[in-house]
Amino acid sequence: MADMITLTLDPETSEILMNDFSTFRTDPPQYALFQCRIDGCTITLYKSGKAVFQGRTAAQYAGKYRTAADTVLPQAGSDEVGTGDYFGPVCVAATVLDRESWSKVNQLGVRDSKQLTDSDIRRIAPDLIRLLPHSLLIVSPEKYNDIHRQYNMNAVKSLLHNQAYNNLRKKTALPSLIVIDQFTPESSYYRYLKGRGDIVTGIRFETKAEDKYPAVGAASIIARYAFLCEMDRISEEWQMEFRKGAGTDVDECAKRFTERYGKEQLYRVAKLHFKNTERI
Ligand code: MN
């Protein structure tokens with residue numbers, strides 16, 4: 001089913017929206033001020049200030065126009081980075097936004113971190129790190145390979161998110177709204193944590209959460225920044241560039257690495273259970 005998101009915009013935000021999409025403008029329906037069709041989304045702005053985003057990419061486009069009225073604050077959120085990348089660590093960040101930090105964070109242009117370029121991330125993240133109470137876990141490939149012998153990827157993610165919230169609640173109180181960008185169903189998440197004494201509960205699991213919850217978006221940016229810094233560091237350490245993702249260019253990198261340093265060193269820079277390992 002197509003997503004639908006309804007926001008209530010103030011006049012200023014309405015202007016910004018109409019400006020942003022002026023080239024995609026179509027004839028608005030009755031009672032509407034403006035309508036546009038963009039890739040996977042129709043946006044209709046009504047005279048009342050109600051804005052309706054409809055379609056596959058609704059959450060992605062709506063993110064920018066959320067006002068304080070549409071945002072439950074305070075909110076906590078977490079996200080992980082590096083689980084789709086053969087090289088480099090897995091990074092998980094969790095953070096809390098309150099009303100005050102929300103408006104500052106908004107000015108920095110925090111939206112879906114996936115839409116931000118690496119240089120955007122490098123520019124924005126240091127401010128977020130300074131402004132927001134947060135926790136950050138960086139699991140090196142070496143450590144990851146070790147843990148993965150015992151736990152599958154989703155179990156590892158569950159353990160890390162739970163740990164991130166435990167670390168975060170030592171710094172600041174966790175609000176009643178806590179959101180994880182869903183990677184596994186809620187029941188599986190808690191099953192992976194079964195038997196632990198430190199389980200953070202009452203979490204909301206949602207897909208595309210980084211578009212819907214600015215705390216998740218901010219956590220995602222912090223995690224991505226940590227990932228980039230680690231990639232820089234290992235590139236320096238091994239004197240070669242490591243590609244992101246898990247595609248054929250990554251296979252080439254891995255071949256170059258093993259030629260230079262030997263297969264037995266690969267566990268220090270790569271997640272060995274990926275198919276890439278077999279391919280090289
Ligand atoms: Mn995610």
Side-chain angles (χ1 to χ4, degrees), residues 3 5 40 56-64 66 71-72 75-97 105 109-118 120-122 124-125 128-129 132 134-139 141 144 147-148 151-168 174 177-190 192-193 200 202-231 244-247 271 273-274:
D3 285 349
I5 290 170
R56 179 175 47 81
T57 55
Q60 184 187 319
Y61 285 108
K64 182 182 174 187
R66 275 174 204 283
T71 310
V72 177
Q75 60 172 256
S78 57
D79 202 4
E80 79 285 335
V81 172
T83 51
D85 299 277
Y86 183 55
F87 291 117
V90 170
C91 303
V92 176
T95 190
V96 174
L97 279 182
V105 160
V110 173
R111 272 173 276 162
D112 174 16
S113 82
K114 288 192 190 81
Q115 289 176 60
L116 299 173
T117 64
D118 287 352
D120 292 331
I121 298 284
R122 289 180 200 274
I124 296 171
L128 292 183
I129 287 168
L132 303 176
H134 67 278
S135 67
L136 173 64
L137 299 168
I138 301 170
V139 182
Y144 177 88
I147 303 172
H148 196 266
Y151 300 98
N152 70 37
M153 175 81 93
N154 282 339
V156 175
K157 288 186 195 176
S158 303
L159 292 165
L160 290 173
H161 278 267
N162 186 61
Q163 187 60 49
Y165 282 119
N166 270 301
N167 295 351
L168 182 61
L174 293 182
L177 178 61
I178 305 174
V179 188
I180 289 181
D181 183 34
Q182 184 169 332
F183 53 85
T184 191
E186 180 171 355
S187 57
S188 309
Y189 176 85
Y190 289 113
Y192 292 131
L193 299 177
V200 175
I203 295 172
R204 186 184 291 192
F205 295 83
E206 270 191 51
T207 56
K208 300 181 192 169
E210 69 272 35
D211 296 325
K212 301 174 194 163
Y213 300 91
V216 179
S220 169
I221 291 169
I222 293 172
R224 217 174 121 186
Y225 181 64
F227 182 80
L228 289 176
C229 292
E230 268 305 294
M231 290 294 266
K244 285 181 280 179
K271 302 173 191 84
H273 68 94
F274 276 54

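We count ligands from 1, going down the list as the structure has it; atoms in each ligand are counted the same way. What you see is a predicted model, and the numbers here were worked out from it, not measured in a lab. The first residue in the sequence is number 1, and the count goes up from there.
- D79 has its closest N, O or S atom to the Mn ion (ligand 1) at the position named OD1.
- Between the side chain of N152 and the backbone N or O of N154, at least one donor-acceptor pair lies under 3.5 Å.
- Residue side and main chain included, E210 places no N/O/S atom under 2.8 Å of the Mn ion (ligand 1).
- Aromatic ring centres of F274 and H148 lie farther apart than the 6.0 Å criterion allows.
- Among the backbone and side-chain atoms of E80, no N/O/S atom is found under 2.8 Å from the Mn ion (ligand 1).
- Rounding to the nearest 0.5 angstrom, the gap separating the CG atom in N167 from the CG atom in L136 is 10.0 Å.
- Within D181, the N, O or S atom lying nearest to the Mn ion (ligand 1) carries the name OD2.
- Taking E206 as the reference, R204, K212 meet the salt bridge (charged side-chain N to carboxylate O under 4.0 Å, His left out) condition, with sequence neighbours excluded.
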